[in-house]
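Accompanying notes for the structure given below.
Proteins get letters first, then strands, A, B, ... in listed order; numbering begins at 1 in each.
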Amino acid sequence: MADITIALAGNPNCGKTTLFNALTGSKQYVGNWPGVTVEEKHGKLKGHDDVTIADLPGIYSLSPYTLEEVVARDYLTEHRPDAILNIVDGTNLERNLYLTTQLVELGIPTLVAVNMMDVIEKNGDVIDLAELAKALDCKVVSISALKGTGVREAAEEAVALARSGNKPIPQHRFVGSVEHAIAHIEEVTVHDLPEEQQRWYAIKLFERDEKVQKKLGLSDEVIAHIENDIQACETELDDDAESIITSQRYDYITSIIGTCLRRANKGELTTSDKIDRIVTNRIAALPIFAAIMFGVYWIAMGPFGTFLTDWTNDVLGGEWLTEGSRALFESWGLSSWLVGLLSDGICAGVGAVLGFVPQLLVLFLLLAILEDCGYMARIAFIMDRIFRRFGLSGKSFIPMLVGTGCGVPGVMASRTIESERDRRMTITTTCFIPCGAKMPIIGLIAGALFGGAAWVSTSAYFIGVAAIIISGVMLKKTKMFAGDPAPFVMELPAYHAPSVSNVLRSMWERGWSFIKKAGTIILLSSIIIWALKSFGTVNGQFGMVDELYEDPSIATDEYIESVAARTGISPEEVNPMDDSILAGIGNTFAPVFAPLGFGSWKPAVATVTGLVAKEEVVSTFGVLYNYDTDSEEWDDEGSPVWANVEADFQSFSNGHGQIAAFAFMIFNLLCAPCFAAMGAIKREMNNGKWAAFAIGYMCVFAYAAGLVVYQIGLATVGALNPIGIVAAVAVLGFVGYMLFVKKYHEAEELLVK
Amino acid sequence: MPLTLLRAGEGSIITRIGGNAETRQFLEGLGFVVGTPVTVISVTAGNVICSIRDSRVAVSEGMAKKIYV
């Protein structure tokens with residue numbers, strides 16, 4: 001038998017991905033707001049190796065209004081799957097059937113699966129499936145994707161249907177004049193297409209769908225010709241073509257609903273509505289939101305989260321991984337460089353990152369609960385009126401919230417934003433929010449130089465938010481981003497108790513991608529960094545710098561003094577690593593960061609390795625500062641590395657280590673994100689120039705912010721640098737001009753892709 | 001009158017959808033079609049959550065002003 005493909009199609013948030021996971025045994029991410037699936041995904045039906053299931057993004061109709069609609073529609077019309085499994089949310093039959101009436105016109109065998117049957121029964125509603133099947137001319141089954149009931153049967157039905165090739169015959173007829181026009185359009189434009197496809201194309205042409213006009217390659221004369229028919233209809237019915245089609249579809253659906261659905265509850269407020277009355281209340285909405293977010297971050301970042309991280313670092317990272325592994329490898333009699341590579345390179349680098357996993361998992365768990373119960377979608381609504389003031393829509397908030405976990409899904413979540421202008425703005429600013437991988441950087445700087453002060457991590461979030469607001473207002477005034485944000489329209493899922501499996505899966509998925517990075521990219525770069533810092537040329541001899549320094553005939557006193565003179569430190573502070581290859585590399589671009597206060601090779605190297613993954617900044621520090629640690633135990637003062645970090649920052653900034661460290665943190669939080677996120681930006685912008693602009697903008701903004709903080713910081717402690725302060729004031733002046741003086745450039749037209 | 005003028009809990013019937021073709025088409029896809037009953041669940045600074053065809057849809061002020069009831 002030939003291989004067959006079945007496409008899952010349905011409204012956003014109606015359970016397609018849950019069903020997809022159940023059918024294919026895969027573990028795609030399921031979210032509880034519309035638009036989680038943004039591109040089609042494929043999987044094999046369990047037990048049928050010859051059946052491919054394609055999960056399409058959720059759509060309300062087959063019009064080309066949003067990206068998801070374009071993706072789904074192109075898939076259905078270009079690839080023409082062997083069958084469509086149309087998932088219909090039974091608790092919201094009327095709206096869901098709007099898509100169904102369009103799907104059956106495509107001329108592809110269609111099975112309708114009414115989902116959430118358990119909820120319908122609980123509400124006491126009754127859906128007459130046989131009547132529905134008759135009205136739509138396709139098979140109808142009932143399922144509950146979440147509970148897994150009826151799912152197998154639905155899949156088997158769909159396979160049988162695909163093999164039989166029974167196409168539905170659209171039962172709905174528009175009023176006479178419209179049908180007449182459609183018949184005429186069919187005749188002149190799509191006569192050579194297979195018969196079952198003609199109707200869909202003809203209706204789309206009647207709606208003046210430009211994408212379809214282009215795809216069929218219609219000449220201007222033909223378009224002008226059918227335009228006569230369309231206009232005749234519009235005059236007769238006193239409405240525009242699209243509205244005629246839409247409203248007649250709804251009339252038809254209303255008639256179907258009348259015969260198929262018996263409601264127990266008529267027009268009363270549901271529990272979900274009652275909750276909405278409170279949490280989206282004019283006065284209470286923001287305080288409730290603030291309290292919930294404070295609670296989430298207090299649990300994840302406060303005493304509880306810190307306790308978890310401390311425990312992991314002390315016991316797992318410090319004792320077991322680094323020291324335990326060293327003792328073990330030494331007992332095996334491995335040579336010293338190999339022990340160094342394994343313990344100081346790999347274990348210290350990877351361990352520095354893994355220490356943050358428990359804390360991150362707590363944060364991801366709490367965000368997953370908020371999302372699954374339906375509150376996340378409300379947040380977008382509540383934030384809309386605030387975000388609108390600086391040129392973003394409330395939908396930009398979800399990418400940012402997801403971005404607190406990881407920037408990659410954050411950038412991808414921007415796809416639900418319809419307006420291209422808003423989407424670009426959101427992509428450009430989302431990565432300013434400190435992601436999970438940046439938290440270790442904050443933790444390191446706060447721990448090493450600020451005695452673990454809580455305000456440091458809080459300020460990081462404020463700086464992220466401020467960066468977004470300032471960027472939003474500034475960019476809005478440039479020609480590229482002019483105009484008001486697109487209006488906000490979003491379907492809100494009904495509140496429900498979060499499902500344990502969904503929440504755990506979502507937490508695990510985000511956490512796992514973090515751990516996976518630690519095991520792959522970070523492992524590899526830890527090895528490379530270890531090698532680069534361990535080898536180098538000392539007084540003309542190449543080798544492991546530690547060993548060369550132990551040889552007094554190579555590391556002579558004069559030589560050490562020359563190194564001290566070169567690096568500007570006292571001879572006692574000279575460290576073998578100052579002669580490593582890595583120091584050489586770091587020193588070449590360290591001067592770039594001098595105006596920001598960290599023009600020294602170690603932070604410079606860490607900043608660059610941060611492009612591989614932001615966790616890498618911390619693991620690079622873990623490798624680079626892991627020397628001279630007399631006290632091997634992690635005491636209350638934190639990691640032994642921290643003392644070295646503090647000493648180094650104090651020494652290269654002439655005692656202004658805290659200011660330099662803060663500038664370092666700000667630069668690393670705001671500058672270009674990791675390669676993975678840059679890849680996501682490139683994909684979502686779908687345009688190299690825009691991606692380059694976004695990444696370039698982040699770097700420039702980060703540099704400016706670091707410069708201002710360091711130079712003004714120096715000035716306030718009385719160590720004013722004349723050139724630096726002039727540059728900082730110039731930057732502030734420019735930002736001030738953009739924020740308060742420059743006028744808006746009103747867009748001439750609303751930008752939509 | 002525009003939808004924004006309804007108070008929380010009030011219901012009415014859509015009489016007209018304004019805006020350009022794209023806006024209208026999108027609203028219609030969500031169920032905002034002339035003749036459809038709509039109930040306002042909550043109003044926050046002009047932004048509206050309403051109940052239409054058994055679903056809850058959040059609409060910003062700019063869009064809600066284009067929906068006449």
Side-chain angles (χ1 to χ4, degrees), chain A residues 11 59-61 63 65-66 69 89 91-96 98-99 207-208 239-240 242-243 245-247 249-251 253-254 263 267 269-270 272-273 276-282 285-286 377-378 380-382 384-385 388 393-394 418 484-494 750 752, chain B:
Chain A
N11 277 193
I59 47 174
Y60 292 113
S61 76
S63 63
Y65 186 81
T66 62
E69 282 173 351
D89 177 354
T91 61
N92 189 356
L93 206 52
E94 208 170 341
R95 239 270 321 291
N96 279 255
Y98 183 64
L99 177 67
E207 290 178 312
R208 298 196 184 89
D239 207 347
D240 65 294
E242 273 169 22
S243 299
I245 297 288
T246 312
S247 75
R249 268 192 213 288
Y250 273 117
D251 290 346
I253 293 164
T254 312
R263 268 190 212 126
L269 278 189
T270 62
S272 187
D273 290 340
D276 266 339
R277 278 276 172 84
I278 299 164
V279 303
T280 62
N281 180 282
R282 189 162 49 94
L286 280 176
R378 270 76 181 180
F381 174 73
I382 295 166
D384 184 66
R385 55 196 248 247
R388 199 153 286 275
S393 94
E418 293 90 8
D484 280 328
F488 178 90
V489 181
M490 186 175 181
E491 195 189 353
L492 303 174
L750 203 68
V752 184
Chain B
M1 64 181 175
L3 189 63
T4 44
L5 293 182
L6 287 187
R7 272 174 301 177
E10 284 183 345
S12 190
I13 296 201
I14 297 175
T15 53
R16 189 165 78 81
I17 308 274
N20 61 13
E22 219 158 49
T23 310
R24 222 169 38 231
Q25 196 184 347
F26 186 64
L27 284 174
E28 284 169 353
L30 278 159
F32 291 91
V33 175
V34 173
T36 313
V38 57
T39 310
V40 171
I41 306 283
S42 116
V43 185
T44 335
N47 288 6
V48 173
I49 294 180
C50 57
S51 161
I52 184 152
R53 294 181 192 269
D54 275 346
S55 64
R56 305 291 170 270
V57 182
V59 188
S60 70
E61 188 175 11
M63 207 68 139
K65 274 183 180 158
K66 298 197 168 91
I67 302 167
Y68 289 83
V69 290

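- Rounded to the nearest 0.5 angstrom, B:Asn47 CG and A:Asp384 CG are separated by 5.0 Å.
- Contact annotation for A:Ser243: both backbone and side-chain heavy atoms come within less than 4.5 Å of a heavy atom of chain B.
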Given side chain to side chain contact (heavy atoms under 4.5 Å, CB included), test B:Val57 with A:Leu492 step by step and report yes or no. CA-CA 6 Å; B:Val57 182; A:Leu492 303 174; over 6 Å; no
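- For the atom pair B:Ile49 CD1 and A:Ile382 CD1, the distance stands at 7.5 Å (nearest 0.5 Å).
- Inspection of non-hydrogen atoms places B:Leu30, B:Gly31, B:Val33 of residues 30-37 of chain B under 4.5 Å from chain A.
- Side chains of A:Arg95 and B:Ser55: a donor-acceptor N/O pair is present below 3.5 angstrom, by distance only.
- Electrostatic pairing of B:Arg56 and A:Asp276 does not count as a salt bridge here, judged by no charged N lying under 4.0 Å from a carboxylate O.
- For the pair B:Arg53 and A:Tyr98, the minimum side-chain heavy-atom distance is 4.5 Å or more.
- Taken from CZ in A:Arg378 to OG in B:Ser42, the straight-line distance is 9.5 Å, to the nearest 0.5 Å.
- Scanning residues 3-16 of chain B against chain A with a 4.5 Å non-hydrogen threshold yields B:Ala8, B:Gly9, sorted by number.
- Highest contact tally toward chain B, considering only A:Asn92, A:Asp251, A:Asn281, is held by A:Asn92 [criterion: heavy-atom pairs under 4.5 Å].
- Nearest heavy atom pair, residue B:Ala58 against residue A:Phe381, reads CB-CD1, 3.3 Å.
- Atoms OG and CD, on A:Ser247 and B:Glu28 in that order, are 7.5 Å from each other to the nearest 0.5 Å.
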